[in-house]
> 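Have a look at this one.
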Number of protein chains: 2
Amino acid sequence: MADPDDQELLAYVEDVAGLFARDGLPLITGRIIGWLMVCDPPEQSAQQIGQAIQASKASLSTNMRVLTESGFVRTITRPGDRVTYYRIDDDAWLQITRRRLAALSGFRDVTAKGLRLLGEDSPRARRVRDAHEMFSWLDRELTPLWDRWAEMRHKEKEP
Amino acid sequence: MADPDDQELLAYVEDVAGLFARDGLPLITGRIIGWLMVCDPPEQSAQQIGQAIQASKASLSTNMRVLTESGFVRTITRPGDRVTYYRIDDDAWLQITRRRLAALSGFRDVTAKGLRLLGEDSPRARRVRDAHEMFSWLDRELTPLWDRWAEMRHKEKEP
DNA sequence: CATCCAGTTCATTCTTGACTGAACTATATG
DNA sequence: CATATAGTTCAGTCAAGAATGAACTGGATG
């Protein structure tokens, strides 16, 4: 438990990668995130990551760029050291989740457009109208939802 | 507005298809849903759908099966008529959204597994632990969230 | 300056799965 | 019964994009 063997660790990394793969993300991207969640130390060079998950330098380069640009992974550099180290952002999962939920705004926008196209009150627009009401409601729920999370987190730190 | 021209309609169908494509769903699947949201009448045969969105009989057959099996589309049949008509389910978007949110339970399960692997209280598990707390909390929020939706909907019908 | 190596870029390979045509099954109609 | 057509199935085609090897860039070191 203090030191889980590599095989278990890698199996777990595959589990994490599987989560992302279901949403169409490349396996390697998911593996990197999975590895950065459990590796020791938390900071790893591209080479270390590549060895752990068996991926090429080129793949690492591409994927690390995507992950850092999207804010899920942070880079650590030291003067006099060409090597860049990567660490999962503390809020990576929060951000992933928030973005997934925020994507629902896209649905609401499309239903809104549909209403304009068919006429807000036309009988033909009923299907679009029903969906639009649901997405609008959900969107309004999301802000207070994340407010509650922030509040809860705040309380935990100062009990 | 009463009768939007075909070009606008098809452009809109592509918008809807785009929403689904972002999650890795085939374009045709999204087009079918999009078309069934705006078509007149709401019931359409596979042939009608195929003509509208320019897809083959074979594609229609496969996709209609997937969509009906997952409960997003309902079939309508009439005695003495070999043709099956399809209609979008009234709760299709609700179901799609609920399933998307429910998928977050998968994340929670994986973080739970991670904690068992690394040891709940070990410093090394901190990253997984933080994520697990967030997903657990979110999962607990979802039930009351959908309860509120049911309640709101109920009130609308009986003011 | 020469060397070494981290990291990037790009052309290429390869896998995956969406989509279709065509053959086939089954049901309604004259 | 013969015909026409709705719907299924399946082998084959094709495109998208994930992953890589190899060539290249640039900073650190002796």
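Since the structure is predicted, the reported quantities are computational estimates derived from the model, not experimental observations. Labels below follow one simple rule: chain letters A, B, ... track the order of the sequence lines, proteins then strands, and each chain is numbered from 1.
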> Of all residues at least two apart in sequence or in a different chain, which pass the salt bridge (charged side-chain N to carboxylate O under 4.0 Å, His left out) check with B:Glu133?
none
> Check salt bridge (charged side-chain N to carboxylate O under 4.0 Å, His left out) between B:Arg108 and all other residues, then give those that pass, not counting sequence neighbours.
B:Asp139
> Looking at A:Arg153 and A:Asp91, is any side-chain nitrogen of the basic one under 4.0 Å from a carboxylate oxygen of the acidic one?
yes
> Looking across every strand, which nucleic acid part, if any, lies under 4.0 Å from A:Thr84 by heavy atom: base, sugar-phosphate, or nothing?
sugar-phosphate
> Considering residues at least two apart in sequence or located in another chain, which fulfil the salt bridge (charged side-chain N to carboxylate O under 4.0 Å, His left out) criterion with B:Glu69?
none
> What residues form a salt bridge (charged side-chain N to carboxylate O under 4.0 Å, His left out) with A:Arg126, not counting sequence neighbours?
A:Asp130, B:Asp90
> Rounded to the nearest angstrom, tell me the gap between atom CD in B:Gln44 and atom P in D:dG7.
13 Å
> Name all residues meeting the ring-ring contact (aromatic ring centres under 6.0 Å, His included) criterion together with B:Phe107; count only those two or more places apart in sequence or in a different chain, and write none if there are none.
A:Trp93, B:Phe135
> For the side chain of B:Ser61 and the backbone of B:Lys57, is there at least one donor-acceptor N/O pair under 3.5 Å apart?
no
> Can you measure A:Leu27 atom CG to C:dT16 atom P for me and round it to whole angstrom units?
10 Å
> Which one, C:dT9, D:dT9, C:dA18, comes nearest to the side chain of A:Arg65?
C:dT9
> Applying ring-ring contact (aromatic ring centres under 6.0 Å, His included), name anything that partners A:Trp35, two or more places apart in sequence or on another chain.
none
> Using atom CD1 of A:Ile49 as one end and atom P of D:dA19 as the other, report the distance to the nearest whole Å.
15 Å
> Roughly how many Å is it from CD in B:Gln51 to P in D:dG7, rounded to a whole number?
13 Å
> If I take atom CG in residue B:Asn63 and atom C1' in nucleotide D:dT9, what distance separates them, rounded to the nearest angstrom?
15 Å
> Using atom CE of A:Met64 as one end and atom P of C:dA6 as the other, report the distance to the nearest whole Å.
15 Å
> Restricting to pairs with a member in residues 41-88 of chain A, which pass ring-ring contact (aromatic ring centres under 6.0 Å, His included), not counting sequence neighbours?
none
> Do nucleotides 20-30 of chain C as a string where each nucleotide becomes B, S or -: B if the base has a protein heavy atom under 4.0 Å, S if just the sugar-phosphate does, - if no protein is that close.
BB----BBSS-
> What is the separation between atom CD on B:Gln48 and atom P on D:dG7, rounded to the nearest whole Å?
10 Å
> In whole angstroms, how far is the P atom of C:dA18 from the CZ atom of B:Arg31?
13 Å
> Kindly calculate the angle separating the two end axes of the helix from C:dC1-D:dG30 to C:dG30-D:dC1, each obtained from five base pairs, and round it to 10 degrees.
10°
